[in-house]
**Q** 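Mind looking over this structure? Questions follow.
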Amino acid sequence: MDNAKKNKKLIKEKGLLYLGVFGRKLLLAILLSIITSFLSLPTHYLMKYIVDDVIVRKNIALLNLIVLAIVAIQILRLIFSQESLSLRTWILPQEDVYSPQNSAQNQRAKSRIS
């Protein structure tokens with residue numbers, strides 16, 4: 001039991017240290033993800049507006065303006081999404097489980113366990 005308490009304490013200390021080092025970048029990554037989610041909302045409403053009002057009234061100028069707005073929103077979504085992804089992968093790097101080197105390491109680890 002004593003060893004389990006030490007492990008929990010170590011995990012808490014390492015977690016707080018990790019948040020201290022990467023806390024701002026992690027919050028920025030979360031904020032960028034939220035912004036990306038919110039940027040997906042107007043596109044559906046604008047498409048509905050195009051179908052229900054703009055095409056019926058044959059307002060080509062407004063149609064062009066809305067299409068330009070949709071393209072701009074999609075570009076912003078792409079930028080925020082890529083920045084969020086790069087921050088998340090920098091903060092929480094993922095191991096490449098399919099690389100030959102990791103495959104060999106996994107095989108050695110399995111053979112030690114057996």
Side-chain angles (χ1 to χ4, degrees):
M1 275 312 230
D2 191 39
N3 197 18
K5 288 181 182 178
K6 286 181 184 177
N7 286 341
K8 285 183 181 179
K9 184 179 178 184
L10 183 65
I11 289 171
K12 286 180 184 177
E13 288 173 0
K14 293 288 184 180
L16 290 175
L17 179 65
Y18 188 80
L19 280 178
V21 172
F22 297 111
R24 288 183 181 169
K25 292 189 186 220
L26 186 61
L27 286 175
L28 182 61
I30 292 170
L31 180 67
L32 289 174
S33 295
I34 291 170
I35 290 171
T36 302
S37 297
F38 279 121
L39 282 174
S40 67
L41 298 175
T43 303
H44 302 291
Y45 177 74
L46 290 173
M47 293 300 268
K48 177 192 171 296
Y49 186 69
I50 286 173
V51 170
D52 291 345
D53 294 334
V54 176
I55 293 177
V56 172
R57 295 183 186 156
K58 298 180 182 177
N59 191 346
I60 302 299
L62 185 57
L63 177 64
N64 290 334
L65 183 65
I66 291 175
V67 169
L68 189 64
I70 290 173
V71 169
I73 289 169
Q74 294 304 316
I75 290 172
L76 283 174
R77 271 188 70 205
L78 176 69
I79 292 169
F80 284 123
S81 176
Q82 288 300 314
E83 287 300 316
S84 174
L85 181 63
S86 67
L87 274 173
R88 284 182 282 159
T89 54
W90 187 77
I91 294 169
L92 304 169
Q94 301 293 320
E95 290 185 30
D96 187 8
V97 294
Y98 298 109
S99 72
Q101 183 182 15
N102 281 344
S103 178
Q105 289 173 353
N106 290 340
Q107 291 298 328
R108 283 192 298 259
K110 286 179 185 177
S111 66
R112 289 183 198 145
I113 293 172
S114 321

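A quick note: this is a predicted structure, and the numbers were derived from the prediction, not measured.
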**Q** Would you give me the side-chain donor-acceptor pairs under 3.5 Å for residues 64-73, sequence neighbours excluded?
**A**
| unit_1 | atom_1 | unit_2 | atom_2 | d |
| --- | --- | --- | --- | --- |
| N64 | ND2 | I60 | O | 3.4 |

**Q** With sequence neighbours excluded, what pairs up with Q74 under the side-chain hydrogen bond (donor to acceptor under 3.5 Å, both in side chains) test?
**A**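 side-chain hydrogen bond (donor to acceptor under 3.5 Å, both in side chains) list for Q74, sorted by chain: T43, R77.
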**Q** Suppose we screen for side-chain hydrogen bond (donor to acceptor under 3.5 Å, both in side chains). Which residues come up paired with S81, at least two apart in sequence or across chains?
**A** none
**Q** Same cluster or not: L78 versus F38, using hydrophobic residues (I, L, V, M, F, W, Y) connected whenever any side-chain heavy atoms lie under 4.5 Å apart?
**A** no
**Q** If the condition is side chain to side chain contact (heavy atoms under 4.5 Å, CB included), which residues does I79 pass it with, not counting sequence neighbours?
**A**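 If we apply the side chain to side chain contact (heavy atoms under 4.5 Å, CB included) test to I79, skipping adjacent residues, the hits are I75.
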**Q** Is it true that L85 and L76 fall in one hydrophobic cluster, defined by side-chain heavy atoms closer than 4.5 Å?
**A**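 Unlinked, L85 and L76 end up in two clusters.
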**Q** For the CD atom of Q82 and the OG1 atom of T36, what is their distance to the nearest 0.5 Å?
**A** 9.5 Å
**Q** Minimum heavy-atom separation for V51 and V56, please, with both atom names.
**A** O-CG2, 4.1 Å
**Q** Please find the pair of heavy atoms, one from S84 and one from A29, that lie closest to each other, and give the distance.
**A** OG-O, 3.2 Å
**Q** Under the rule for salt bridge (Lys or Arg N to Asp or Glu O under 4.0 Å), what residues qualify as partners of K48, not counting sequence neighbours?
**A** D52
**Q** Please name all residues satisfying side chain to side chain contact (heavy atoms under 4.5 Å, CB included) with I35, sequence neighbours left out, ordered by chain then number.
**A** L31, L39, F80
